[in-house]
Visitor: 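Dropping the structure in here first, questions after.
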Amino acid sequence: MENSEDEAESDKLPLDLEPLRSLAPKFPTILGYDVETQSTDPLLVYATPSIPCSSSEQPQEAPASFSLPLPKSPVPIKATPISAAFPTPQHEDESSDQDYKPFCKNKKPAMPKRAKRPQQAEKSNDANVKRRSIRRNLDNEFNLCSSSSDNPKESVEGILMMFDSLRRRVLQLDEKEDASRRADLKAGTLMMQNNLRINNHKMIGHVPGVEVGDIFFFRIEMCIVGLHAPAMGGIDYISSKNKDETLAVCIISSGGYENDDDDTDILVYTGQGGNSRHKEKHDQKLERGNLALMNSKSKKNQIRVVRSAQDPFCNSGKIYIYDGLYRIEDTWTDTAKNGFNVFKYKLRRDPGQPDGISLWKMTEKWKANPATREKAILLDLSSKVEHLPVCLVNDVDDEKGPSHFNYVAGVKYLRPLRKTKPLQCCKCPSVCLPGDPNCSCAQQNGGDLPYSATGLLAKHTPMVYECSSNCQCSHNCRNRITQKGIKLNFEVFWTGDRGWGLRSWDPIRAGTFICEYAGEVIDETKMDIDVEEDKYTFRASCPGNKALSWNLGAELLEEKSTAVITKNFKKLPIIIRANNEGNVARFLNHSCSPNLLWQAVQYDHGDDSYPHIMFFAMEHIPPMTELTYDYGT
């Protein structure tokens, strides 16, 4: 359920977080935030400023985007599996309107009883000394990448990238131990413990850096950017000693209650409580979130609304869409299907805002029938080369289309490749599994499978080795992601001032495979072809700062410095020309703040100087957002 139940239920957070104390030596604590001496006061202050607070809870300037630049030499932290430190949480939609806290001293931790050992206490003291030293060093190193940023959007992107980097790495470690898979809650707890969050203060109206249409795959992501503070509850509100001044600031409609959300401009929202899974059902009460919504009707204040939609790539997944600002028009009581009374609130969307959920409904219609796409020049630019049609659209002017080229799905080598090493060849029956010491493909990737179970890239590395045709695992193996081809609904569109661009009708999750850069592979050492005159050309330059910082959260857990990370990304001699032959990648435009990165991938030959160039999403990308990458220098 998306909304809260009653006071007793709200105290039951879905995660007993006290065991995190045992995790502290394994992870960095940034900005001088000490887990051992952390205050148990609420992390949120009910005020209007949007600037974050330091660990001393004093307002300071907005933090920099955590993507630029990287620390020069992060202190190495051993990447010890952390699955044992967390119990299995309840479902994320179970009811609680508590704001997210790392842990609370008022609750005794349910820790297993063990006999006291003096030697363990001595080791613990040594660990505490080492931990404090690590924190001091990390405080200094992290400040190097915290130069002031006046762009709230960059700050939001940076904090979310750090969260997802931690989440992906935690998931890798947990999978090897076959442990609990709620890596989002674990990563979110680490972020909260280290005060790595922005927009700490509750406010009415838009949150700086969060734009209408932005998407989130986890509730904790909305917590760390200040969009919606409760970890589980559906109603976020500013509390006050004067009950008449308690006002709602944000609500989430995620299907747990009987909401009417078919209209893109009107939402009929059901209040909280009375529908607990663990207690007897009862009539809703005019208190807490329900009272805040009732007051907001009288005050006519704006309320942020987050809607939800089915993840098209995960049957059990849910995506949260920030749909903008609404106001309550009417309230009444109604009888729910369970026979008890509930509060109903009719909210209307403020006019003049960018499209939110309405854009989703349009793209769903286009995916069902591409012929319904207005201003389409060509319904399938790929001529059925791709599994899904690539629509060509111009809704700007009379430009008819790009210059003629032959659409191909892969690369063509203009010279024979050197067989410098044999293809990888694992003996895994059926599929490769994480933590299998006998999987040679995992060992070639540093001991970890490069993709999650859902096919998301875990880390940006100098080279990803996928399973080859020599491997015994099946085509369904998770280590064969890019060789299966494109899985997204693309459209090539006319930008007007930047030529043709590329975007998707699908929501794209960070780490998702986008496409390969297809075309003719040119040998840089034989510059008999003037590639400078070719408009559609890829050169393997060093990834930009944003791409390098995509791993920042995970790299703080590894024994690697930024210098080593950058050095590993050696310039490759490969040049791919897509002027005559190519695919959708030839329409990817440059951006200094891109949402894609390129990743070298090998699976069909042994010459690492000429790998496949694959693009992956660096961040969550809403539908109809232009896809870009940093061309480099």
Visitor: Just so I know, are the side chains of His228 and Pro230 near enough to count as touching, which here means a heavy-atom distance under 4.5 Å?
Guide: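 His228 vs Pro230: side chains touch.
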Visitor: Can you see which heavy atom on Val212 is nearest to which on Gly324, and at what distance?
Guide: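 Smallest interatomic distance, heavy atoms only, reads CG2-CA, 3.8 Å.
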Visitor: Supply the atom-to-atom distance Met162 CE to Asn551 CG, rounded to the nearest 0.5 angstrom.
Guide: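 So the gap between those two atoms works out to 11.5 Å.
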Visitor: Hey, are Lys202 and Asp236 close enough for a salt bridge, meaning a charged N less than 4.0 Å from a carboxylate O?
Guide: yes
Visitor: In plain terms, say whether Asp174 and Arg167 are close enough for a salt bridge, that is, a side-chain N and a carboxylate O under 4.0 Å apart.
Guide: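 Judged by the 4.0 Å cut-off on N to carboxylate O distance, Asp174 and Arg167 do not form a salt bridge.
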Visitor: Does the Asn595 side chain pair with the main chain of Thr628, one donor and one acceptor, at a distance under 3.5 Å?
Guide: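 Yes.
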Visitor: Indicate yes or no: does Arg168 engage Asp184 in a salt bridge with an N to O separation below 4.0 Å.
Guide: no
Visitor: So Leu166 and Met191, do their side chains get closer than 4.5 Å, heavy atoms only?
Guide: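 A side-chain contact under 4.5 Å exists here.
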Visitor: Is the closest side-chain heavy-atom distance between Phe163 and Ile224 below 4.5 Å?
Guide: yes
Visitor: Shortest non-hydrogen contact from His460 to Gln599?
Guide: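 Closest approach of His460 to Gln599, heavy atoms only: CD2-OE1, 3.0 Å.
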Visitor: Between atom CE of Met614 and atom CG of Leu597, what is the distance when rounded to the nearest 0.5 Å?
Guide: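 Taking CE in Met614 and CG in Leu597, the distance rounds to 13.5 Å.
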Visitor: Would you please say whether a donor-acceptor pair under 3.5 Å links the side chains of Ser591 and Ser593?
Guide: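 Absent: no donor and acceptor within the cut-off.
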Visitor: Counting only N and O atoms by type, is there a donor-acceptor contact under 3.5 Å from the side chain of Gln272 to the main-chain atoms of Ile235?
Guide: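 No, because the side chain of Gln272 does not come within donor-acceptor range (under 3.5 Å) of the backbone of Ile235.
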Visitor: Rounded at 0.5 Å granularity, tell me how far CG in Leu291 sits from CG in Leu293.
Guide: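 Here the interatomic distance stands at 9.0 Å.
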Visitor: Taking the six-membered ring for Trp and the full ring for Phe, Tyr or His, determine whether the centres of His620 and Phe217 are under 6.0 Å apart.
Guide: yes
Visitor: Would you tell me whether Ser296 and Asn301 have side-chain atoms, one donor and one acceptor, within less than 3.5 Å of each other?
Guide: yes
Visitor: How close do Ile319 and Pro507 get, heavy atom to heavy atom, and via which atoms?
Guide: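 The pair with the smallest heavy-atom distance is CD1-CG, 3.7 Å.
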Visitor: As a quick check of understanding, evaluate side chain to side chain contact (heavy atoms under 4.5 Å, CB included) for Met222 and Tyr320, giving each step before the final call.
Guide: CA-CA 9 Å; Met222 293 183 279; Tyr320 301 97; 3.7 Å; yes
Visitor: Does the side chain of Trp360 come within less than 4.5 Å of Pro622's, by heavy atoms?
Guide: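 Answer no - side chains too far apart.
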Visitor: Counting only N and O atoms by type, is there a donor-acceptor contact under 3.5 Å from the side chain of Asp323 to the main-chain atoms of Ile357?
Guide: yes
Visitor: Counting C-beta onward and ignoring hydrogens, is there a side-chain heavy-atom pair between Phe616 and Trp550 closer than 4.5 Å?
Guide: no
Visitor: Check whether any side-chain N or O of Gln172 sits under 3.5 Å from a backbone N or O of Ala458 as a donor-acceptor pair, and report yes or no.
Guide: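 It does not hold such a pair.
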Visitor: Mind checking the CG-CD spacing from Asn479 to Gln444? Nearest 0.5 Å is all I need.
Guide: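 One finds 9.5 Å between CG of Asn479 and CD of Gln444.
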Visitor: Could you tell me whether Lys546 and Glu619 make a salt bridge, using a distance below 4.0 angstrom between a side-chain N and a carboxylate O?
Guide: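 Here Lys546 pairs with Glu619 in a salt bridge, since their nearest N and O are under 4.0 Å apart.
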Visitor: I'd like to know if the side chain of His590 and the backbone of Gly632 have a donor-acceptor N/O pair within less than 3.5 Å.
Guide: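 Absent.
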Visitor: Check Ile252, Asp214, Ile215 against Val306 for a side-chain contact (heavy atoms from CB on, under 4.5 Å) and give me the one that passes.
Guide: Ile252
Visitor: Are Leu227 and Phe216 close enough that some pair of their side-chain heavy atoms sits under 4.5 Å apart?
Guide: yes
Visitor: Has Arg304 got a side-chain atom pairing as donor or acceptor with Val207's backbone, closer than 3.5 angstrom?
Guide: no
Visitor: Phe218 vs Leu185, test: side chain to side chain contact (heavy atoms under 4.5 Å, CB included). Steps then yes/no.
Guide: CA-CA 9 Å; Phe218 304 99; Leu185 294 183; over 6 Å; no
Visitor: On a heavy-atom basis, which atom in Met203 and which in Pro208 lie closest, and how many Å separate them?
Guide: SD-CD, 3.7 Å
Visitor: Taking the side chain as C-beta and beyond, is there a heavy-atom pair between Asn195 and Asn200 under 4.5 Å?
Guide: yes
Visitor: Output the distance between atom CD1 (Ile238) and atom OG1 (Thr246), rounded to the nearest 0.5 Å.
Guide: 9.5 Å
Visitor: Do Tyr237 and Val249 pass the side chain to side chain contact (heavy atoms under 4.5 Å, CB included) test, and can you show the C-alpha distance, the side-chain angles, and the key distance before you say yes or no?
Guide: CA-CA 5 Å; Tyr237 56 92; Val249 295; 5.5 Å; no
Visitor: Of all heavy-atom pairs between Lys318 and Ser254, which one has the smallest distance, and what is that distance?
Guide: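 For Lys318 and Ser254, the tightest heavy-atom pair comes out as NZ-O, 2.9 Å.
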Visitor: Is the backbone N or O of Gly447 less than 3.5 Å from a side-chain atom of Asn445, with the two atoms forming a donor-acceptor pair by type?
Guide: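 Not a single qualifying donor-acceptor pair exists.
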Visitor: Test Leu171 against Ser452 for side chain to side chain contact (heavy atoms under 4.5 Å, CB included), laying out the working first.
Guide: CA-CA 8 Å; Leu171 182 60; Ser452 70; 4.1 Å; yes
Visitor: Taking side chain as C-beta onward, heavy atoms only, is Leu325 less than 4.5 Å from His206?
Guide: yes
Visitor: Please confirm whether the backbone N or O of Tyr322 pairs with a side-chain atom of Arg307, one donor and one acceptor, at under 3.5 Å?
Guide: no
Visitor: Under 3.5 Å, is there a donor-acceptor pair between the side chain of Ser240 and the main chain of Glu245?
Guide: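 Such a contact is absent between Ser240 side chain and Glu245 backbone.
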Visitor: Give a yes or no on whether a salt bridge exists between Lys176 and Asp448, defined as a side-chain N under 4.0 angstrom from a carboxylate O.
Guide: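 Looking at Asp448 together with Lys176, the answer is yes, because their closest N to O distance falls below 4.0 Å.
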Visitor: Do the side chain of Trp598 and the main chain of Phe615 share a donor and acceptor less than 3.5 angstrom apart?
Guide: no
Visitor: For Ile481 and Gly455, work out which heavy atoms get closest and say how close.
Guide: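 Nearest pair, atom of Ile481 first, then Gly455: CD1-CA, 3.7 Å.
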Visitor: Starting at CG of Asp164, measure out to CZ of Arg509 and round the result to the nearest 0.5 Å.
Guide: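 Nearest 0.5 Å value for the CG-CZ distance: 7.0 Å.
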